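Only one structure is covered here, and it is reproduced in the block below.
Below, each value reflects all heavy atoms present in this structure, side chains not excepted, and no hydrogens, waters or symmetry copies. Just so it is clear, the model here is predicted, and its values are computed rather than measured. Letters A, B, ... mirror the listed sequences (proteins, then strands); counts begin at 1.
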2 protein chains.
Amino acid sequence: MNQETSPAAAPPDDETALRRTPSQKRSRERVGQILACATALIQEKGSDAMRMSEVAEKAGISIGSLYQYFPDKAAIVRTLAERYNAVCNECIAAELAKVTSLAELREAFAVLFDIYYDMFLAEPVMRDIWSAMQADKALREIDLQQSRAGGQLLADVWARFVPDTPRETIDSAAFLIMHLGDCTMRLAVSVDRAEGDQIVEAYKRMILRDFVADGPGGGASLIDISGVRS
Amino acid sequence: MNQETSPAAAPPDDETALRRTPSQKRSRERVGQILACATALIQEKGSDAMRMSEVAEKAGISIGSLYQYFPDKAAIVRTLAERYNAVCNECIAAELAKVTSLAELREAFAVLFDIYYDMFLAEPVMRDIWSAMQADKALREIDLQQSRAGGQLLADVWARFVPDTPRETIDSAAFLIMHLGDCTMRLAVSVDRAEGDQIVEAYKRMILRDFVADGPGGGASLIDISGVRS
DNA sequence: CTACAAACATGAGCATCTCTCACATTTGCA
DNA sequence: TGCAAATGTGAGAGATGCTCATGTTTGTAG
């Protein structure tokens, strides 16, 4: 029969990632143990170099047991990713809950991105999971090189029209515009065509607004937010 | 001795990707042949599912010959990526060369992104190389799901303050803001700390400018570009 | 024309890693 | 205590990237 009449039939984490919903206490502990060992190994050598045999060994179980809980290696990484996402979601919801005006929305977002950045900096495993999502490191380098090259072209032209803006500011803004342009395209072609079109248009609007003259209320990505009417 | 006194000692493509610079006509043809076969296979089944044995078979050569030219599988993909980048670079340079004012810069960028988007839509192999750079498809889905969830939270709050802006516009802008936020963080933590800080700040400036009230000259990502002073 | 060295070609098989499966052991209730 | 379900085990199947010892072709020097 079934065993241990678990307090709630709710699966401990999420339903699709685990191959078999653990019903005994021992196995529920092991899921946590596996994830902890995987986290340690990813921190140590990266998710790509993490071997399933190592996870099993470190967790003190056999390969077979490991595969009893997780259908494949990617499922372990996915589970960790979802845990990090859950934390992020709480942060976002908490910050947005306080907002009662556009000014506060701006403030909340500034805070949110700082928190997010700090999380990325502080959590090497989170970083690895999302960055090593890129299969090939050299390919990523080529990608960034392309953004830098395009950014350079843009910055050279842009700088001519905003002489009062520090070149450093223009450079990083131009680099970012190019890189996020790539990201936008990859996003746009991965959803249906209608939404993709909308996304590309949204990005253009977002970026084109940067190309305004120097001066009060203007300037390359330097507009004084506090002065915007809301 | 050396053979065929090649017209210029310049390597045909790039120096690091090829294991051995081909000096005979036959082998130079083979490099092109390999890349063409790889392209066809990627188009057919994706770069991840492309097998080196298949590439060799389709090109009518042995595995050993394949590895004589390309040090590993990733090198083939990288070479293709660099070719696509070269095409993009030409487009960017060509569009930016004409620019003589901020208004023209805006126009050039709008055109550029449309061209870029069309290229992505038209070139499945280019799309695959950069999108399948993401190792795990399910992980990518989780990532997008997170952006959608965050975007929903944002859109709900945002919409309260810009009642005249169509909800659809807000939704895609919010989704994009969240997704590009992720992209920005991943970029920021992959460069040195000082540049990372600048990039995060640049993104915040870029985004916060979106949160302005409805009306002439304002509105959620709908500011009338043509009206901006330049 | 021939000989020779360098360039190029070959494919069996090595190394590595993920994941399976048939079987053993443990758990908790009846 | 017995029994069925749950859990544990690890040898090895299967797949694939890549190597290396050896054979073949190419172009030039003598």
Original post:
Below 4.0 angstrom from OP1 or OP2 of C:dA9, is there any side-chain N or O of B:Tyr69?
Top reply: yes
**OP:** Apply side-chain hydrogen bond (donor to acceptor under 3.5 Å, both in side chains) to B:Gln198 and list each qualifying residue two or more places apart in sequence or on a separate chain.
**Re:** A:Glu168, A:Ser172
**OP:** Grab the CG-P distance between B:Asp48 and D:dA15 for me, whole Å please.
**Re:** 16 Å
**OP:** May I have the distance from A:Met50 (atom CE) to C:dT18 (atom C1'), rounded to whole angstrom?
**Re:** 11 Å
**OP:** Sequence neighbours left out, what passes ring pair (Phe, Tyr, Trp, His ring centres under 6.0 Å) with B:Tyr117? Give chain and number order.
**Re:** none
Original post:
Passes side-chain contact (heavy atoms from CB on, under 4.5 Å), B:Tyr203 versus B:Met185? Steps please.
Top reply: CA-CA 10 Å; B:Tyr203 187 67; B:Met185 294 305 154; 5.7 Å; no
**OP:** State plainly whether the residues A:Asp143 and A:Arg186 are in salt-bridge range, i.e. N to O under 4.0 Å.
**Re:** yes
**OP:** Nearest whole angstrom, please: distance from the C1' of C:dT27 to the CZ of A:Arg30.
**Re:** 13 Å
Subject >> Between C:dA9 (P) and B:Met52 (CE): distance, integer Å >> reply: 15 Å
Subject >> Cation-pi, B:Phe175 ring and B:Arg148 (6.0 angstrom, 45 degrees) >> reply: yes
**OP:** Output the residues of residues 57-68 of chain B in contact with DNA chain D, where contact means a heavy atom of the residue under 4.0 Å from an atom of the strand; sort by number or write none.
**Re:** B:Ile63, B:Tyr67
Original post:
When you check the phosphate oxygens OP1 and OP2 of D:dG17, does a side-chain N or O of B:Arg51 lie under 4.0 Å from one of them?
Top reply: yes
**OP:** Whole angstrom is fine here: how far is it from CG in A:Asp72 over to C1' in C:dT20?
**Re:** 13 Å
**OP:** Classify the side-chain pair B:Ser190/A:Arg140 by whether it contains a donor and acceptor separated by less than 3.5 Å.
**Re:** yes
Original post:
Rounded to whole angstrom units, what separation is found between the CZ atom of B:Phe70 and the P atom of D:dT19?
Top reply: 15 Å
**OP:** Can you tell me the distance, in whole Å, between the NZ atom of A:Lys73 and the P atom of C:dT20?
**Re:** 15 Å
